[in-house]
**Student:** 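Following this message is one structure expressed as C-alpha cells.
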Amino acid sequence: MTTISPHPSTPADTAPAGRVLALCGGVGGAKLALGLQSVVAPGQLTLAVNTGDDFEFLGLHISPDLDTVLYTLAGLNDTARGWGRADETWNFMATLRELGAEDWFSLGDRDLAVHLERTRRLRAGETLTDVMGDLARRTGVNARLLPMTDSPLRTVVHTPAGELPFQHYFVKHRCEPVVTGISFAGASQAVANPALRQALADPGLTAIVVCPSNPFLSIDPILSVRGLRAALQDSMAPIVVVSPLVGGQAVKGPTAKIMGELGLDVNSQGIAEHYAGLIDGMVIDTSDAADAAGLGIPVHVTRTLMRSTEDKCSLAREVLAFAASMRLPSRTEAPGASLCKEVR
Ligand code: GDP
C-alpha cells in the first residue's frame with residue numbers, strides 16, 4: 001500500500017467519521033459499495049446509482065444497476081453467476097420461450113417480482129427514488145440508494161452500424177460492436193435527484209468515491225445529468241476514483257475494449273485523463289503501480305481486486321483513509337469553489 005501525493009498526507013488505518021457519497025454502476029461498483037456499507041457508520045452512506053441502463057422489457061421497468069446494487073447490499077445477489085439473485089428459478093423465462101416471446105434479456109422468477117412491483121408503483125405515481133428507497137429498507141440495505149435522476153435518461157451506444165439502445169449493445173449484442181461514441185438521451189432535461197444534490201451540498205460530507213465502474217457506460221451517465229458534474233466539482237469533499245483496470249485490463253466487461261476503440265490509452269493514465277478536472281485522487285492496483293508517477297494527482301496504490309468480503313471492506317477502508325488524507329479546508333477557510341480546486 002503506497003500513497004504518492006504531491007500534498008502532505010495523514011496516514012490513517014481506519015475509516016474516517018462523516019458522511020460518504022459513492023457514484024456507482026452495476027457489478028463492479030456494487031462490490032466496493034458493499035465494502036463501503038460495511039465500514040461506513042450506519043446511515044452515513046449515500047449511493048448515486050446509474051439509471052442510463054434502465055429500459056422497458058415486456059412492459060416492465062427494469063433498472064439493472066439499481067437492482068444489482070440493491071441485491072448486493074442486501075446479500076441477495078448470486079455471487080457465482082455474477083448477476084441477478086441467488087437461489088433464483090427460471091420458470092417464467094422457460095414459459096416465455098415456449099410462447100415464442102422475446103427472451104434476449106433474462107429475468108429470473110424472484111427478480112421478476114421486483115420488476116412487477118416497481119412498475120406497478122411507478123405507474124401509480126411514485127418516483128423511482130421512493131420505490132427503490134422502500135425496497136432498500138425492506139431488504140435491510142444500510143445505505144441510501146438513490147437513482148441519479150428520476151427523469152428518463154437513456155444511454156445510447158454509437159457504432160459503425162448505427163445507434164444502439166444500451167441493453168441492445170450490452171446484452172443482445174454482447175458488447176461486440178465497435179463503439180464510436182456514447183450519448184445520453186434526455187440528459188440535458190434530466191433533473192438531478194434532489195436528495196443527491198442535498199448530499200453534495202452537505203458540509204458533513206467527507207468523501208466522494210467514484211467506484212471502479214465502467215467510466216463510459218456507468219459513471220458518465222451520472223455525470224451527464226444536468227448540473228451534476230458542476231455540483232460534484234463544487235462539493236468541498238475530496239473526489240477519489242478507484243480504477244476499474246487491474247493490470248491494464250478490465251476485470252469484467254467492455255471497459256478496456258471501449259477505451260481502445262475511443263482512442264484512449266488503456267491504462268491508469270487513460271482513466272485519469274477521462275476524469276480530469278473532476279477527481280482529486282486515484283486508487284490504482286499494485287499491478288499498475290508503474291503508472292502512478294505519471295498521473296499528476298495524488299495516487300494510492302494497493303490491491304484493488306475484490307474477491308472476498310474482506311477484500312471489499314479493506315479496499316473501502318483504504319479508499320476512505322486516502323480521501324481523508326487529502327481532506328480539504330472547510331468552507332469557512334476557503335469560501336470559493338474555484339479557490340478550493342486550486343487549493344487541491
Ligand atoms: P456493470 O454496470 O454491471 O457493467 O458494472 P460496473 O460498471 O459497475 O463495473 C464494471 C467495471 O468494474 C469493469 O470495468 C471492471 O473492470 C470493474 N471491476 C469489476 N470487479 C472489479 C474489482 O474487483 N476491482 C476493480 N478495480 N475493478 C473491478
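In this text, all values refer to a predicted model and were calculated from it rather than measured experimentally. No hydrogens, no waters, no symmetry mates; every other heavy atom, side chains included, goes into these values. Both ligands and their constituent atoms are indexed starting at 1 by order of listing.
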**Student:** Is the backbone N or O of H158 less than 3.5 Å from a side-chain atom of T180, with the two atoms forming a donor-acceptor pair by type?
**Tutor:** yes
**Student:** Judged on heavy-atom distance to atom 25 (C) of ligand 1, which of V69, L305, V242, T304 sits nearest?
**Tutor:** T304
**Student:** Among K252, R307, M306, Q249, which one has a heavy atom closest to atom 13 (C) of ligand 1?
**Tutor:** K252
**Student:** Quick test of your reading of the model: are R118 and D67 salt-bridged, counting only N-O distances below 4.0 Å?
**Tutor:** yes
**Student:** With a 4.0 Å heavy-atom cut-off (strictly under), which part of F170 contacts ligand 1: side chain, backbone, both or neither?
**Tutor:** side chain
**Student:** Out of N50, D285, V27, whose heavy atom is nearest to atom 5 (O) of ligand 1?
**Tutor:** V27
**Student:** With clusters defined by side-chain heavy atoms of hydrophobic residues (ILVMFWY) lying less than 4.5 Å apart, directly or transitively, does L112 cluster with F57?
**Tutor:** yes
**Student:** Between ligand 1 and N214, is the shortest N or O to N or O distance under 3.5 Å?
**Tutor:** yes
**Student:** Are any of the N or O atoms of V246 closer than 3.5 Å to those of ligand 1?
**Tutor:** no
**Student:** Please check this pair: side chain of N267 against backbone of G248, looking for a donor-acceptor N/O pair closer than 3.5 Å.
**Tutor:** no
**Student:** Do any heavy atoms of D65 fall under 4.0 Å from ligand 1?
**Tutor:** yes
**Student:** What part of S243, side chain from CB on, backbone N/CA/C/O, both or neither, has a heavy atom under 4.0 Å from ligand 1?
**Tutor:** backbone
**Student:** When N50 is tested against each of V69, L217, I222, D220 for side chain to side chain contact (heavy atoms under 4.5 Å, CB included), which residue passes?
**Tutor:** I222
**Student:** What I want to know is whether P244 and ligand 1 share at least one N or O pair that is separated by under 3.5 angstrom.
**Tutor:** yes
**Student:** W83 near ligand 1, heavy-atom distance under 4.0 Å?
**Tutor:** no
**Student:** Over 60° means perpendicular and under 30° means parallel, so tell me whether F166 and Y169 are parallel, tilted or perpendicular.
**Tutor:** tilted
